[in-house]
Amino acid sequence: MSRLALKLPGLDLKNPIMPASGCFGFGKEYAQFYDLSKLGAIAIKATTVEARFGNPTPRLAETKSGLLNAIGLQNPGMDKVCSEELPWLDSFDVPILANVAGSEMSDYIEVAEKVSKSSNVTALELNISCPNVKKGGIAFGTVPEVAAELTKEVKRVSQVPVYVKLSPNVADIVSMAKAVEAAGADGLSMINTLLGMRIDLKTKKPILANQAGGLSGPAIKPVAIRMIHQVSQVVNIPIIGMGGIATVDDVIEFFLAGASAVAVGTQNFVDPYICPKLIDELPAKLDEMGVDHISELIGGSWKEVCNIH
Amino acid sequence: MSRLALKLPGLDLKNPIMPASGCFGFGKEYAQFYDLSKLGAIAIKATTVEARFGNPTPRLAETKSGLLNAIGLQNPGMDKVCSEELPWLDSFDVPILANVAGSEMSDYIEVAEKVSKSSNVTALELNISCPNVKKGGIAFGTVPEVAAELTKEVKRVSQVPVYVKLSPNVADIVSMAKAVEAAGADGLSMINTLLGMRIDLKTKKPILANQAGGLSGPAIKPVAIRMIHQVSQVVNIPIIGMGGIATVDDVIEFFLAGASAVAVGTQNFVDPYICPKLIDELPAKLDEMGVDHISELIGGSWKEVCNIH
Amino acid sequence: MMNKQGILSIVSQQQIAEQIFEIKCQGPLVKSMTNPGQFVHVKVDSYDDLLLRRPLSICDIDLEQEILTMLYRVEGEGTNRLSKKQKWEQVDVLGPLGHGFPVEETEPGEVALLVGGGIGVPPLYYLSKQLKKRGVKVIHVLGFQAKSAVFYEKEFNELGETYITTVDGSHGLQGFVTDAISKYELSFDTLYSCGPNVMLKALTSQFENSRGFLSLEERMGCGIGACLACVCHPTEDPEGTSYKKVCTDGPVFKVGEVVL
Amino acid sequence: MMNKQGILSIVSQQQIAEQIFEIKCQGPLVKSMTNPGQFVHVKVDSYDDLLLRRPLSICDIDLEQEILTMLYRVEGEGTNRLSKKQKWEQVDVLGPLGHGFPVEETEPGEVALLVGGGIGVPPLYYLSKQLKKRGVKVIHVLGFQAKSAVFYEKEFNELGETYITTVDGSHGLQGFVTDAISKYELSFDTLYSCGPNVMLKALTSQFENSRGFLSLEERMGCGIGACLACVCHPTEDPEGTSYKKVCTDGPVFKVGEVVL
Ligand SMILES: Cc1cc2nc3c(=O)[nH]c(=O)nc-3n(C[C@H](O)[C@H](O)[C@H](O)COP(=O)(O)OP(=O)(O)OC[C@H]3O[C@@H](n4cnc5c(N)ncnc54)[C@H](O)[C@@H]3O)c2cc1C
Ligand SMILES: Cc1cc2nc3c(=O)[nH]c(=O)nc-3n(C[C@H](O)[C@H](O)[C@H](O)COP(=O)(O)OP(=O)(O)OC[C@H]3O[C@@H](n4cnc5c(N)ncnc54)[C@H](O)[C@@H]3O)c2cc1C
Ligand SMILES: Cc1cc2nc3c(=O)[nH]c(=O)nc-3n(C[C@H](O)[C@H](O)[C@H](O)COP(=O)(O)O)c2cc1C
Ligand SMILES: Cc1cc2nc3c(=O)[nH]c(=O)nc-3n(C[C@H](O)[C@H](O)[C@H](O)COP(=O)(O)O)c2cc1C
Ligand code: FES
Ligand code: FES
């Protein structure tokens, strides 16, 4: 087995690098740049029951080392995703993590049931934390009991393992993680974006039409590392880590914090080749660190050192 | 009256710029660089009942556009603060905002009572959110009822107006703000630092001896702006805004979001002259924006436009 | 698989009007930039405090020497940093991106009216050159704020009739581009335009039944169609869920194709 | 009121050993840098992704020409960016900061032993020059990892006896600085040292009753005593609340004064 390969629930990863949901569409655009089969997995854009247009523009604003977005779950709806997007992705040898979103609990269940039946969807990612959905959405991501109930309901109908994507906009991330683990989650994705805003000095109004948006990019990496470090020590399910990854050193830092795989979001916009680049650079980094297999790094910042070999 | 002067509870400000607590000690060091009487106010370092050494070193780690700190409330204790630090500051013509911290509610009350009696302390800032204090501290900052009770108790003993400094590490900043307002807070300070971590790839351990620390600097500005924008629309008490301020444009952005004064933290370390620089640059910026008095900008991003003059 | 990313070397950089710079960059990537109205996505430098690339139009191409010319206005931090770059420094460019102006929609001998506003003027230059090469008669109407902001007047004049308007009347006709079109009774077979939204709206209402193509601007993330930052509504479904992406379906659209 | 901040121009920059660079900067601020062992706090550039200044020791000063020499090892992003800066570019310097080595503690005619480890060597150079000028006999023991990391051997040799050690034995004596001191039976009136903590600890336990001064390193925020990032415990109160700040009480302390 390759020194980068990892087996997570539903995700048989050639390597631990995947694009993050919402930052890679359904893959078509990036397929012009490289062979998607190179990727460890692909987290596709959030899917809802009905098609959505999303928020008005402007939808993006830059901040220091960060990016604010308020796309607003724009997607063609689950039927089209299942009839068009997923079949197209079938030609690649790569597991698909399908990001599921909605406004009501029943939406999530409906999407999860339908999408998890697609032959190439090997795991679901419950987006309980999208900060740009105004009704309902927020509560799922910040109240442990609600998140747990949602997880349980989705687990009941899903044909594939379920990852719950946690929001960082909470006082106590550990309670959230424990609650969804107890409810049957097979894994966690963390973190989604922090809620933020920028105001334009000329117009005196928020730059985003939606006013607030989700903050991603290197600015939020320390928050992601802290949360993964806390959570990975108290749960027994794997974590897909994300938040500001741009270099192979960042990937290693997430593993040391406790992640078992990583997702790259914003950096895809800066460098469309970033995912294959990271994959290519990882082996040399492992050599430099004297590490045989990437899995040896998982939780290395808090695990007792044991030099078996 | 000068176009920069503002009257806030307990704070008669020549201008809206003050150094943030913990980033300016008790002023002595910066007094070597410029006349402290130039400042709108000074927020002094957190004071506790007893002297504290704080956390072991390393206490700082840099992140992209951010700084992690885990100083840990190091201070000489309230008796020394009142007998040595405050009298020294008395020679300057500048209001003092005394930052109050502790581990138990009784600590806060004791410090607030004693410090608020000092002749040059014109307001208190309740640091209910310091992320580096391990026992107790966190709960004050994340549970509205607890924060409200603390505010009420401190208000009972304080001789001067009380500002409550809110933690951004919460799901619902609005509830926190409303709770402390209802409990009698005269103003709010926001935001304190976000909890974060960095791991050293060489040692494979967190860089900070305390593991986690508080994230400050430009990286967190969008979170601060968002929270102030939300809170200022629903409370009737003024907000001292902070989080990543480095330029005069940042100052304006905080005012437009809803702040009535601002504090500068991390940037003092980069440029010891930053506060007087901002004060000197503000009038030209107001000219450029066609604004007579800085107070016209408060909440400009959400207030209906009214061109009276 | 395409390689659309390249490092170009700056071969010249100069200020040509108030806040307006002309930059010329060289590299093999330029070979693929044949379509006027397309744009490139520029990473100004490698510092992480400014994350995103900046979209800039192709203003001119020298295919033989592999030189790309861009004109830009210093707006904020990104363009400010770009303006500080020296000859022989490098920039990371992704492109060419998007669908440009369709030159082939105008037959040789026909008249094309090219209307540009402010920093919307640059892409019209490469367009005009190609139209002229095709034997199309080109007329330019270029609107600016004031005399100090006018650029490339001589260059456009060399290609065809050129009318300048300024808002304050300090140069050319006082008023907007639409005033010039009315005043000089300019007629055309095809309209090509790029500029601020208000201008495009005015042109659309005046010429909604003409053959015309407008280049739009929207804040961009990826520039390649993946992030959905830059969407707009098609005119036939103005409130619905269908959409067009400015970066890949545009930036050039038919008059009336999308909601402005 | 003091002005301790200044913009210095780089007059030369060169690599002098593996990962080690020598940079010389010029400006009026240098006039105030008379005390060896003090340091400056350098803002490498104006980009916000790297917020803090970097503390670097004063390695040499030319008061007449107002030139400051620093030697640094490329450790991370900050020193890496510094190493890319060209002649005539500028750096923003805050300094001189801290309490340096007390030259006056050694009388003319006495012997001073200067012990440096790795990137702790630079401040000893300015110190050695000043001691020599005072008529003190200087002996240098400089420890490095390997031959490729050795620098300023010639420069120190010109000032006095100089012993080099390398961990791998590729140059000078194989071993640590303490091995050289023992092997060559070096005796002295005053010890001055700067280097990694392990080295300072070894020296302290060997010479705890000697007159000696050690320069410490700690991560710094402000560099001026306000942020309390750089504190250490005094030896007489190792667990208590009293403290010393490396940036203002140090970086140089008496042997045994603070807990290493
Ligand atoms: C297809 C296209 C072609 C363009 N061609 C040109 C050109 O040839 N010359 C030129 O001067 N300008 C052009 N622009 C506008 C140019 O992209 C912006 O002026 C520039 O990105 C501003 O960056 P900044 O960092 O200086 O400003 P900031 O305001 O600091 O930028 C902050 C963010 O907002 C975005 N942004 C700000 N203004 C605009 C805008 N008007 N359009 C799109 N994004 C914006 C930036 O890309 C960046 O992500 C074009 C825009 C588009 C979409
Ligand atoms: C008083 C003093 C004098 C010094 N003199 C020199 C000198 O003359 N030459 C030289 O090469 N180095 C010297 N150092 C160490 C030098 O400051 C660090 O190597 C440098 O800051 C590393 O920055 P970086 O961005 O390259 O590394 P990074 O690891 O990316 O730096 C990240 C952060 O950690 C801090 N940091 C990292 N390592 C150290 C360290 N060893 N000491 C203090 N802070 C650190 C940085 O200042 C920065 O804030 C001195 C340190 C101190 C405290
Ligand atoms: C433009 C954009 C769109 C996003 N859309 C989604 C989404 O649809 N579903 C989701 O779970 N997360 C979404 N995210 C969050 C990312 O998947 C990721 O969690 C976050 O951006 C942090 O990673 P990064 O810093 O690498 O971007 C989106 C992020 C961005 C920037
Ligand atoms: C080194 C350091 C020490 C701090 N100490 C305190 C403190 O004692 N009390 C407090 O309320 N806030 C403290 N803070 C938080 C700041 O007052 C401020 O809220 C925060 O840093 C955000 O502002 P900035 O981004 O401008 O630094 C500290 C921040 C830093 C960086
Ligand atoms: S910019 Fe990303 S879809 Fe157009
Ligand atoms: S670095 Fe701030 S107190 Fe020493």
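All values below come from the heavy atoms of this structure, side chains included, with hydrogens, waters and symmetry mates left out. Proteins get letters first, then strands, A, B, ... in listed order; numbering begins at 1 in each.
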Residue part contacting chain C, namely of A:Thr266, when any heavy atom lies under 4.5 Å: side chain
Residue part contacting chain C, namely of A:Pro272, when any heavy atom lies under 4.5 Å: side chain
Nearest non-hydrogen partners of C:Arg53 and A:Val270, listed with the distance: NE-O, 2.6 Å
Closest non-hydrogen atom pair between C:Leu51 and A:Glu62, with its separation: N-OE2, 2.9 Å
Which atom pairs, donor and acceptor, lie under 3.5 Å between side-chain atoms of residues 220-236 of chain C and protein residues at least two apart or in another chain?
residue: C:His233; atom: ND1; partner: C:Pro238; partner atom: O; Å: 3.2
residue: C:Thr235; atom: OG1; partner: C:Gly256; partner atom: O; Å: 2.4
residue: C:Thr235; atom: OG1; partner: C:Glu257; partner atom: O; Å: 2.9
residue: C:Thr235; atom: OG1; partner: C:Val258; partner atom: N; Å: 3.2

Flag yes if more than 12 heavy atoms outside [X] fall under 6.0 Å of its [atom1] atom; otherwise flag no.
X	atom1	result
A:Glu281	CD	yes
A:Tyr273	OH	yes
A:Lys28	NZ	yes
C:Glu239	CD	no

From C:Asp48 atom CG to A:Lys64 atom NZ, the distance as rounded to the nearest 0.5 Å: 12.5 Å
Spacing of OG1 belonging to C:Thr248 relative to CD belonging to A:Glu29, to within rounding of 0.5 Å: 7.0 Å
CA sep, side-chain torsions, deciding dist, call: C:Leu94, A:Phe33, side chain to side chain contact (heavy atoms under 4.5 Å, CB included): CA-CA 11 Å; C:Leu94 187 68; A:Phe33 290 96; 4.2 Å; yes
Partner chain C: residue of A:Cys23, A:Gly54, A:Pro76, A:Gly66 with the largest heavy-atom pair count (under 4.5 Å): A:Gly66
Derivation of the side chain to side chain contact (heavy atoms under 4.5 Å, CB included) call for C:Arg219 and A:Ile207: CA-CA 10 Å; C:Arg219 284 188 176 234; A:Ile207 293 182; 3.7 Å; yes
Among C:Lys4, C:Gln5, C:Glu77, C:Lys43, residue most engaged with chain A (heavy-atom pairs, under 4.5 Å): C:Gln5
